[in-house]
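A single structure is presented below for examination.
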There are 2 protein chains.
Amino acid sequence: MSRRRVTLADVARRAGLSTTAASMILNGRPDTRLSEDAHRRVHAAAAELGYRPNVAARGLRTAKTLTIGFVSDLVATTRFASGLIKGALEAAENAGHVVLVAETGGDPKREGEAIAALLDRQVDGVIFAVMRARELFVPELPEGTDAVMLNATNARHPAAVLPDEEPGGRAAVRLLVEAGHAEGIALIGQSDEAEGDVFRSTTVARRVAGIRGAMADHGLEFVAEKSIWQWEPQHGYTSTMELLRQCPDVRALICMNDRLAFGAYQAVTEAGLRIPDDISIVSFDNDEVTAYLRPGLTTIALPHEAMGRRAVDLLLGDEPGAETLVPMPVVERASIGPPRGR
Amino acid sequence: MSRRRVTLADVARRAGLSTTAASMILNGRPDTRLSEDAHRRVHAAAAELGYRPNVAARGLRTAKTLTIGFVSDLVATTRFASGLIKGALEAAENAGHVVLVAETGGDPKREGEAIAALLDRQVDGVIFAVMRARELFVPELPEGTDAVMLNATNARHPAAVLPDEEPGGRAAVRLLVEAGHAEGIALIGQSDEAEGDVFRSTTVARRVAGIRGAMADHGLEFVAEKSIWQWEPQHGYTSTMELLRQCPDVRALICMNDRLAFGAYQAVTEAGLRIPDDISIVSFDNDEVTAYLRPGLTTIALPHEAMGRRAVDLLLGDEPGAETLVPMPVVERASIGPPRGR
DNA sequence: AGCGAGCGCTAAATCCTTTTAGCAAGTGAG
DNA sequence: CTCACTTGCTAAAAGGATTTAGCGCTCGCT
């Protein structure tokens with residue numbers, strides 16, 4: 001059993017120098033005038049003793065702890081936050097930092113307590129992540145602590161990381177057009193007519209704008225639009241069923257997310273049609289659910305891990321805070337094919 | 001903007017006492033002989049100034065940081081680790097602790113570094129979690145630091161939290177028997193004959209033992225057993241297809257996990273049979289994928305969150321370290337019905 | 001010879017808290 | 001009146017690092 005952690009004093013003693021000298025050498029201070037020999041001895045001593053600095057003690061003096069806080073409303077319910085955390089963990093590790101995770105369940109009281117707990121531990125910065133992109137309330141932070149919004153925005157903290165939804169929306173349309181589709185394209189999940197300007201979330205608004213912008217640019221119009229409030233498989237199923245009945249000449253579906261697409265798959269299959277021979281489908285998110293779909297669903301991915309990484313880089317870097325958009329990769333699988341008359 | 005964090009010295013000054021007195025009062029030391037009046041003044045001062053102790057400084061002195069480390073091989077890939085983390089976070093919050101999360105990807109080098117980073121921050125204890133239950137290598141920890149294995153075991157650290165698989169396995173059989181099944185039960189995913197004593201994981205072994213034990217107790221035998229290495233939907237599909245061809249009198253399926261069950265659903269449906277009218281299905285895990293199945297899949301759940309909570313309680317409590325088994329809840333949905341001749 | 005600068009290093013202060021040792025005043029017993 | 005003890009409180013040390021200020025010497029220059 002290791003008796004006691006080895007301290008800087010131990011290293012200095014073994015190297016025959018003061019702790020000051022040892023500290024300066026180990027931290028590679030630029031103005032160091034210490035001799036070559038001293039450097040050698042200190043590094044040797046540190047290595048032999050297996051010295052590791054005590055971060056708490058250092059933090060006490062420097063007010064830097066090499067620790068960042070990650071506060072999210074929901075950690076586990078979906079794969080969503082997990083991806084963000086994974087990316088953040090990776091980037092933090094690369095930067096020699098470590099991550100304190102706190103979950104608030106969206107409850108402002110718990111949020112306040114969580115943040116206080118993090119600040120008590122002198123975190124260097126905080127990442128605030130939410131599931132559904134929105135303007136997020138953030139309590140006041142002490143001066144030295146910066147914050148980055150992840151999938152969220154906040155007036156006082158302009159540094160934010162969001163998926164680049166507009167081009168993502170355009171990409172979905174482009175995939176269909178490139179496959180030869182021009183007529184019979186339907187939109188599952190959103191309808192301007194039905195929803196007007198009701199606000200879903202920052203990102204959804206941009207996604208829709210991208211889709212509609214691209215349609216307009218190509219001079220196309222949707223053959224039908226289905227408004228759905230909860231983007232769950234069941235509603236994707238019923239809406240698609242309805243659509244197929246009302247509108248037999250539909251040849252392609254843009255689903256607002258993969259869960260709707262999952263339901264659409266069921267409806268299409270049940271109607272005796274085949275994907276992509278009779279109907280092409282493209283969707284968004286690259287949700288875990290896509291793993292269970294045959295044929296594979298072509299989808300515009302939410303770049304969770306990249307976003308998590310980016311947030312940490314932004315927090316640790318010293319670029320001025322601004323909104324950073326992370327590209328949404330196109331995941332091409334097998335659900336899009338050329339249109340075919342039926 | 002708050003200028004500077006308020007320190008204990010500020011509180012003491014405002015209360016007209018020494019920092020010693022303030023410290024003793026705020027920490028509620030039992031042997032305190034300080035006056036009622038002093039208590040009042042210190043508490044008032046602390047409240048007015050919004051004093052929060054600096055955990056790093058306290059930890060420096062007490063070697064306690066109210067922080068625990070959570071090391072896992074995979075945080076995000078499946079919902080698995082997320083559930084564990086969520087539970088751990090909850091329990092830690094209740095105990096006034098905070099959680100440092102580190103991911104190792106299963107790489108021993110990263111694992112070593114992650115643990116070192118946690119120890120540099122003086123964590124009070126560490127939870128080691130792995131996806132697939134197994135004996136886990138854990139590097140030596142300093143004396144004061146305890147460890148709890150989560151979904152894993154380790155000879156040097158007997159405190160471990162595992163799902164209680166044996167009764168879980170028995171429950172699956174019981175559900176079928178209670179619905180009236182006695183013949184035509186097949187096992188999808190495991191076959192003693194094909195696999196012999198090959199070791200999958202601690203927990204799987206117990207799950208199988210429970211299933212086989214219950215079958216034997218009821219004097220039943222499987223009409224077929226399908227060995228499958230990778231428990232993924234695709235293989236569940238092909239194995240079930242095969243089974244239905246070879247063995248038309250099958251009436252119930254025990255699937256080793258929900259992903260296999262997902263494939264089995266597809267196969268059964270495609271064969272023109274209905275669940276549960278023609279075939280009953282029961283399975284394990286209560287994976288997210290079950291949300292997408294119609295009719296709802298009856299499954300024996302892996303109690304991830306409860307396990308995460310339990311691990312923290314074990315770590316923070318002072319019970320002697322031992323293996324703790326967390327019950328697996330039966331999630332009854334609609335995939336089991338009475339057997340019917342075809 | 002005298003002065004300033006450079007060199008190689010260290011003592012001491014600092015960060016914030018807890019803990020140990022002990023001081024001064026009052027009280028009760030003898 | 002003295003001694004021992006209690007009461008209510010504080011000074012100082014400790015914990016492990018970083019940072020500031022500066023010491024004593026040599027060298028080069030005028």
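Letters A, B, ... mirror the listed sequences (proteins, then strands); counts begin at 1. Reckoned from all heavy atoms, side chains included, excluding hydrogens, waters and symmetry mates.
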Under 3.5 Å: donor-acceptor pair, side chain of A/R121, backbone of B/L66:
yes
Can you check the A/I25 CD1 to C/dC9 P distance for me, whole Å?
7 Å
Using the closest heavy atom to pick a nucleotide of DNA chain D for each, name whichever of B/A21 or A/T19 lands nearer the 5' end.
B/A21
So, the side chain of B/T65 versus the backbone of B/Q122: is there a donor-acceptor pair under 3.5 Å, distance only?
yes
Is there a side-chain contact between B/S35 and the phosphate of D/dG8, meaning an N or O under 4.0 Å from OP1 or OP2?
no
Between D/dA17 and A/Y51, is there an OP1 or OP2 to side-chain N/O distance shorter than 4.0 Å?
yes
A/F137 backbone acceptor or donor facing A/N154 side chain under 3.5 Å:
no
For the side chain of A/L8, starting at C-beta, report the closest nucleotide among D/dC9, D/dT18, D/dG16.
D/dT18
Would you mind reporting whether A/F70 and A/L100 have side-chain heavy atoms less than 4.5 Å apart?
no
Given C/dT18, D/dT19, D/dC9, identify the nucleotide with an atom nearest to the side chain of B/A38.
D/dC9
Integer-rounded Å distance: C/dC15 P and A/Q122 CD
13 Å
A/E323/A/R206 ion pair, N-O < 4.0 Å
yes
Whole-Å gap separating P (D/dA17) and CG (A/N27):
10 Å
Report which part of the nucleic acid B/A56 touches: base, sugar-phosphate, or nothing (heavy-atom distance under 4.0 Å, all strands).
nothing
When you measure from the side chain of A/R310 to the backbone of A/L150, do you find a donor-acceptor pair of N or O atoms at a distance under 3.5 Å?
no
Please confirm whether the backbone N or O of B/V6 pairs with a side-chain atom of B/D10, one donor and one acceptor, at under 3.5 Å?
no
Take atom CG of A/D10 and atom P of D/dG15, then tell me their distance rounded to the nearest Å.
12 Å
Please check if the side chain of A/R110 supplies one atom and the backbone of A/E103 the other of a donor-acceptor pair under 3.5 Å.
yes
Difference in axis direction between the ends of the helix from C/dA1-D/dT30 to C/dG30-D/dC1, five pairs, 10°
70°
Considering only nitrogen or oxygen atoms on both sides, find all protein atoms under 3.5 Å from nucleotides 21-28 of chain C and state each distance.
none

Of the nucleotides C/dT10, D/dA17, D/dG15, which has the atom closest to the B/L60 side chain?
D/dG15
With a 3.5 Å cut-off and just heavy-atom distances, do the side chain of A/R61 and the base of C/dT14 make a donor-acceptor pair?
yes
Output the single nucleotide from C/dT19, D/dC9, D/dT19 whose closest atom is nearest the side chain of B/T62.
C/dT19
Candidate pair A/L316 and A/I68, rule side chain to side chain contact (heavy atoms under 4.5 Å, CB included), full reasoning:
CA-CA 9 Å; A/L316 264 27; A/I68 70 187; 4.0 Å; yes
So does B/S18 get a side-chain nitrogen or oxygen closer than 4.0 Å to the phosphate oxygens (OP1/OP2) of D/dT10?
yes
Nearest whole Å is fine: how far is D/dG16 P from A/K64 NZ?
24 Å
Nearest-angstrom distance from the residue atom CG of B/L34 to P of D/dT10
8 Å
How many Å lie between CZ on B/R5 and C1' on C/dT17, as a whole number?
12 Å
Looking at A/N151 and A/V130, what are the two nearest heavy atoms and their distance?
ND2-O, 3.1 Å
For the pair made of CZ in B/R58 and C1' in D/dG15, what is the distance, rounded to whole Å?
15 Å
